[in-house]
2 protein chains.
Amino acid sequence: MTGLALPPQATQVGLAVDIAAFAMHGGELNVLLVQRGQLPHARDWALPGGFVQPGEELHEAALRELRTETTVQLEPRHLEQFYTFGEVGRDPRGRIVSVAHLAVLPHGTVSVSGGGHTLEAEWLSAHRPPRLAFDHQAILTRALLRLQLRLEYANLALEFLPDTFTLPELQGVYEAILDRQLDKRNFRKRLLAQSILTPSGERRSGVGRPAQLYRRAKNVRVAAL
Amino acid sequence: MTGLALPPQATQVGLAVDIAAFAMHGGELNVLLVQRGQLPHARDWALPGGFVQPGEELHEAALRELRTETTVQLEPRHLEQFYTFGEVGRDPRGRIVSVAHLAVLPHGTVSVSGGGHTLEAEWLSAHRPPRLAFDHQAILTRALLRLQLRLEYANLALEFLPDTFTLPELQGVYEAILDRQLDKRNFRKRLLAQSILTPSGERRSGVGRPAQLYRRAKNVRVAAL
DNA sequence: TCAAAAGTGTTCGTCGTACACCCATGT
DNA sequence: ACATGGGTGTACGACGAACACTTTTGA
């Protein structure tokens, strides 16, 4: 670091992050929402988020807000910035620019509750959410688009599931994210052809015929960008 | 707007925009670079950019910086934000977060020269640029990736050309952006099948056989996101 | 034996890719 | 006539979409 100073024309704005955190619950794609405890928009639902602190990286701020505004314990399996919302009038408190992030939380991330400045935190339907504060509906819509894009040519669906899972479960994740039904035979053919799955040898019992369990093949990573 | 104030924990950071502006010159994809006139990185090449002003939208700031740092007259045919660079140490002057934009300038945007705080502005090779200041090489690389993505399923290539153009010229734009050769027959088949082009009836003479001129079909718009 | 969920193959259309020769003009 | 760049068609493989019945288990 040199001793150079910020030039005077450097506009100072509030820098925030908002997080659209997704997880699967009961076959539905859910998004993590908090109920605001402060003005503006007190008692309205909103995406978790908050101001970036000095010296804090953007993704660190996103992780911190997830942990302090909700009681999510597990680390996100995936976290990426996807768009920056900076429209002048988007926040009544002044010029606040928000770098929006998309997070995928692993299976088992169930119990959440409010913390910090929030009254409550809940997993709610991502495709049919309640009315949201600020421009958070626009942020959520864009997050869903990005998630659907990623599904196709990264393998983000695996991040929603535990280590071992069945093909019908994986298909359920795809269907919940795309919000439409898929053909079972085509889905299996396509997924198995990618050879990103290895059968674990075990089977999962329940009602009906037991399903083969799979796990992520070695050397398979989530694609970037 | 209400009288609500920014909460005290709202970190103030410098908010900037940087622009990767592309155009075709002599069959090569060029990017608009400026030579810095100030520290840090004085005399180094950099992407045009600067601080967002109070009450100014992000895309307005990008347009303003293009106009003041260079003498580009024409309006960009396409302008989109593509990533926000906010790493703590990316600028020695302090915490500066930059919303990076991708711009496409139309054909005929040739003469540029420095203005404002820049010594010089030039169109230089986008795929083989000189050494760049700050993290601008990373920004440029990401801009190129985004441009290549857009090429496929928006029709951004048309924005690089004048109203009427020949198919070999359009193919040249594709090849310059993708930085590889394409097959002439396959290219024509694919483009004509999209029915986004209509023959203008005229032909362009020169050396060799005259080429059919095309123009963008009515009702064809550049796709969003 | 029945209900419930898992598993399996084929056909067809579309799309990308590889590949070589003739055509129209200016000099 | 020749050099220069424009224009054309076919064959093949890969991939996505549509579509119905059999298998395995627990109750």
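The chains referred to below are lettered A, B, ... by the order of the sequence lines, with proteins before strands, and numbering in each begins at 1.
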- To the nearest Å, how far apart are A/Leu178 CG and D/dG16 P? 14 Å
- On DNA chain C, check which nucleotide each of B/Arg203 and A/Thr166 is closest to and give me the residue with the more 5' one. A/Thr166
- Consider the side chain of A/Lys184, meaning its heavy atoms from C-beta on, and name the nucleotide among D/dG7, C/dT8, D/dC19 that approaches it most closely. C/dT8
- Measure the distance from CG on B/Leu170 to P on D/dG6 and round it to the nearest whole Å. 13 Å
- Whole-Å distance separating the CZ atom of B/Phe187 from the C1' atom of C/dC19: 18 Å
- Message: Check the phosphate of C/dG7 against A/Arg185, side-chain N and O only, distance under 4.0 Å to OP1 or OP2. Yes or no?
- Response: no
- Output, in order, the C-alpha distance, side-chain angles, deciding distance and verdict of side chain to side chain contact (heavy atoms under 4.5 Å, CB included) for A/Val104 and A/Phe160. CA-CA 7 Å; A/Val104 174; A/Phe160 284 89; 3.7 Å; yes
- Message: Rounded to whole Å, please give me the gap between CZ in A/Arg209 and C1' in D/dC21.
- Response: 13 Å
- With nearest nucleotides of DNA chain D determined for A/Val207 and B/Gln212 from heavy-atom distances, which residue corresponds to the more 5′ nucleotide? B/Gln212
- Once you round it to whole Å, what is the distance between C1' of C/dT8 and CG of A/Leu191? 16 Å
- Task: Could you tell me the separation between the CG atom of A/Leu167 and the P atom of C/dA5, rounded to a whole number of Å?
- Result: 17 Å
- Task: Under the side chain to side chain contact (heavy atoms under 4.5 Å, CB included) rule, what do B/Asp135 and B/Phe85 come out as? Steps first, then yes or no, please.
- Result: CA-CA 9 Å; B/Asp135 55 355; B/Phe85 294 82; 4.0 Å; yes
- Task: State which of C/dA24, C/dT17, D/dG6 makes the closest approach to the side chain of B/Pro168.
- Result: D/dG6
- Message: Within the structure provided, determine whether A/Pro129 and A/Leu140 are in side-chain contact (heavy-atom separation under 4.5 Å).
- Response: yes
- Message: How many whole angstroms separate atom CG of A/Asp183 from atom P of C/dT11?
- Response: 16 Å
- Item | Along DNA chain C (nearest heavy atom to each residue), the more 5'-positioned of A/Arg188 and B/Gly208 | A/Arg188
- Query: Taking the inter-plane angle between the rings of A/His136 and A/Phe134 on a 0 to 90° scale, is it parallel (under 30°), tilted (30 to 60°) or perpendicular (over 60°)?
  - Reply: tilted
- Task: Return the nearest nucleotide to the side chain of B/Pro210; candidates are C/dT25, C/dC23, C/dG7.
- Result: C/dT25
- Task: Tell me, please, whether A/Phe82 has A/Arg146 positioned over its six-membered ring: NZ or CZ under 6.0 Å from the ring centre and within 45 degrees of its axis?
- Result: no
- Task: Would you indicate which nucleotide in D/dT4, C/dC23, D/dA18 comes nearest to any side-chain atom of A/Lys189?
- Result: D/dA18
- Closest listed nucleotide, where the reference is the side chain of A/Asn186 and the choices are D/dT24, D/dC19, D/dG7: D/dC19
- Would you kindly give the CG-to-C1' distance between B/Leu213 and D/dG7, to the nearest whole Å? 14 Å
